[in-house]
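Everything below concerns the one structure shown next.
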Amino acid sequence: QVQLVESGGGLVQAGGSLRVSCAASGRAFSSLTMGWFRQAPGKEREFVAAINWSGGRTYYADSVKGRFTISRDNAKNTVYLQMNSLKPEDTAVYYCAARFGPTAQAINDYQYWGQGTQVTVSS
């Protein structure tokens with residue numbers, strides 16, 4: 001079993017930066033592929049970024065490429081999402097997710113989910 005707890009969300013002005021974190025406990029974190037997803041009000045949950053077990057491979061949604069960076073610290077059992085040049089359309093609840101296996105972008109590929117952290121970008 002894997003437990004995930006997100007933190008670091010908040011309110012930021014457009015153009016600003018924010019870093020959200022996800023702490024994992026339970027089964028070996030260094031074996032997990034980690035992902036970030038988000039869900040805006042009235043919209044479906046969507047893929048944001050993913051990172052493989054070693055951190056050597058990362059993937060991003062086109063909408064955040066060049067602005068967001070996913071990283072992980074296996075010694076701290078934590079994955080991060082650094083968000084720069086934030087836009088109002090980035091406003092959403094951000095969810096951390098984990099899976100055993102290669103990187104993936106589909107929601108159904110991830111078995112473990114955190115409770116989410118709210119990110120609000122004001123214009």
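Because the structure is predicted, anything quoted here is derived from the model rather than measured. In this chain, residues are counted from 1 in sequence order.
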Not counting sequence neighbours, list each pair that qualifies as a side chain to side chain donor-acceptor pair (under 3.5 Å) and has a residue in residues 41-51.
->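 Sorted result for residues 41-51: Arg38-Glu46, Gln39-Arg45.
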Which heavy atom in [X] sits nearest to a heavy atom in [Y], and how many Å separate them?
| X | Y | value |
| --- | --- | --- |
| Asn84 | Gln82 | OD1-NE2, 2.9 Å |
| Lys65 | Asp62 | NZ-OD1, 3.1 Å |
| Glu6 | Gly116 | OE1-N, 2.9 Å |
| Ser122 | Leu11 | CB-CD1, 4.3 Å |
| Ser123 | Pro88 | CB-CG, 3.9 Å |

Residue pairs involving residues 16-62 (criterion disulfide (SG to SG under 2.5 Å); sequence neighbours excluded) =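 Disulfide (SG to SG under 2.5 Å) check on residues 16-62 returns Cys22-Cys96.
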Judged by modelled atom types alone, do Gln3 and Ser25 share a side-chain donor-acceptor pair under 3.5 Å?
->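 Side chains of Gln3 and Ser25: pair found under 3.5 Å.
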Which residues satisfy the salt bridge (charged side-chain N to carboxylate O under 4.0 Å, His left out) test with Arg19, sequence neighbours excluded?
-> none
Pairwise distance OG(Ser54) to CZ(Arg72) - rounded to 0.5 angstrom = 8.0 Å
With distance as the sole test, does Arg57 use its side chain to make a donor-acceptor pair with the main-chain N or O of Trp53 at under 3.5 Å?
-> no
Gly101 backbone acceptor or donor facing Thr33 side chain under 3.5 Å | yes
Does Val93 sit in a hydrophobic cluster with other residues, and if so which ones, taking ILVMFWY side chains as linked at heavy-atom separations under 4.5 Å, directly or through other members?
->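 For the cluster that includes Val93, the remaining residues are Phe37, Phe47, Tyr59, Tyr95, Ile107, Tyr110, Trp113.
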Under a single-linkage rule joining Ile, Leu, Val, Met, Phe, Trp and Tyr whose side-chain heavy atoms are separated by less than 4.5 Å, which residues share a cluster with Val119?
->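 ILVMFWY cluster around Val119 also holds Val2, Leu4, Val12, Leu18, Val20, Phe29, Leu32, Met34, Trp36, Val48, Ile51, Tyr60, Val64, Phe68, Ile70, Val79, Leu81, Met83, Leu86, Tyr94, Phe100, Tyr112, Val121.
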Results of side-chain contact (heavy atoms from CB on, under 4.5 Å) for Thr78 - residues two or more places apart only | Ser21, Ala23, Lys76, Tyr80
Does Asp90 come within less than 4.0 Å of Lys87, counting only side-chain N to carboxylate O?
->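 No, Asp90 and Lys87 are not salt-bridged.
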Does a sphere of radius 6.0 Å around CD in Gln115 hold more than 12 heavy atoms from other residues, nucleotides or ligands, not counting ones at 6.0 Å or beyond?
->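 Enclosed.
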